[in-house]
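Below is one structure, written out as structure tokens; comments come after it.
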Amino acid sequence: MKDKFIEQFKERIVSIILAPVSIFFLWSLQQLTNGLYEKMEPIILEHISKRLLGVAVIMEAVMIIILLFVVYILKPKGMSLKYAIYWDKDKNPHCPSCKKPLNSYDDYGISGIGFYCNSCNLVHPMSKKGIYLTISEARKIMDNM
């Protein structure tokens, strides 16, 4: 449970930081490409030195690179998300919450049809466009991809 909380915390921090920085970067790029910079350059240089402006642009680029690296690190290694379940390269299912291996796919009554995760104590349904799949059906579809 603690690992799940830490992982969700990391994902939220990254999304909170990445969104405004990306928006600001894209906005800055758009403003520069529209020729606005040439009009604003005398005003900017009057209040900010070229050196300070260059440092700000470099810091922004470094921040974006660091954030992209953090997002890459948080991605589960060697797993892909298909049918709301993570699958490793050998097509073994893993919990979408804690990433631990799943093995018991069954009808759990009120909780529904799906994989039961012993770590999370949750049932994770596996479906494609609302249709429940069996493990063999999912693996066959993935083989054809």
Heavy atoms only: give me the nearest [X]-[Y] pair and the separation to one decimal.
{"X": "I64", "Y": "V21", "result": "CG1-CG1, 3.6 Å"}
{"X": "K82", "Y": "W87", "result": "O-NE1, 3.0 Å"}
{"X": "K99", "Y": "M79", "result": "CB-CE, 4.0 Å"}

For [X], give me all partners under side-chain contact (heavy atoms from CB on, under 4.5 Å), at least two apart in sequence or on another chain.
{"X": "L52", "answer": "I48, S49"}
{"X": "N118", "answer": "Y116"}
{"X": "E137", "answer": "L133, T134"}
{"X": "L81", "answer": "Y86"}

- prompt: Can you tell if the side chain of C120 reaches within under 4.5 Å of the side chain of C95, non-hydrogen atoms only?
  reply: yes

- request: For the residue pair I58 and M63, establish whether any side-chain heavy-atom pair is separated by less than 4.5 Å.
  value: no

Let me confirm one number: the [atom1]-[atom2] distance from [X] to [Y], rounded to the nearest 0.5 Å.
{"X": "L68", "Y": "I65", "atom1": "CG", "atom2": "CD1", "answer": "8.0 Å"}
{"X": "N121", "Y": "C98", "atom1": "CG", "atom2": "SG", "answer": "10.0 Å"}
{"X": "I66", "Y": "M59", "atom1": "CD1", "atom2": "CE", "answer": "9.5 Å"}
{"X": "F115", "Y": "L122", "atom1": "CZ", "atom2": "CG", "answer": "14.5 Å"}
{"X": "K100", "Y": "H94", "atom1": "NZ", "atom2": "NE2", "answer": "12.5 Å"}
{"X": "I85", "Y": "L102", "atom1": "CD1", "atom2": "CG", "answer": "6.0 Å"}

task: Identify whether V57 and F24 are in the same connected component of the hydrophobic contact network (ILVMFWY, side-chain heavy atoms under 4.5 Å).
output: no

message: Would you say I141 ends up clustered with I113 if hydrophobic residues are merged whenever their side chains have heavy atoms under 4.5 Å apart, either directly or through other cluster members?
response: yes

query: So C117 and S97, side chain to side chain contact (heavy atoms under 4.5 Å, CB included) or not? Walk me through it.
result: CA-CA 9 Å; C117 180; S97 299; over 6 Å; no

- prompt: side chain to side chain donor-acceptor pair (under 3.5 Å) with S104: which residues, sequence neighbours excluded?
  reply: Y108

statement: Residues at least two apart in sequence or cross-chain that pass side chain to side chain donor-acceptor pair (under 3.5 Å) with H124, listed by chain then number, are none

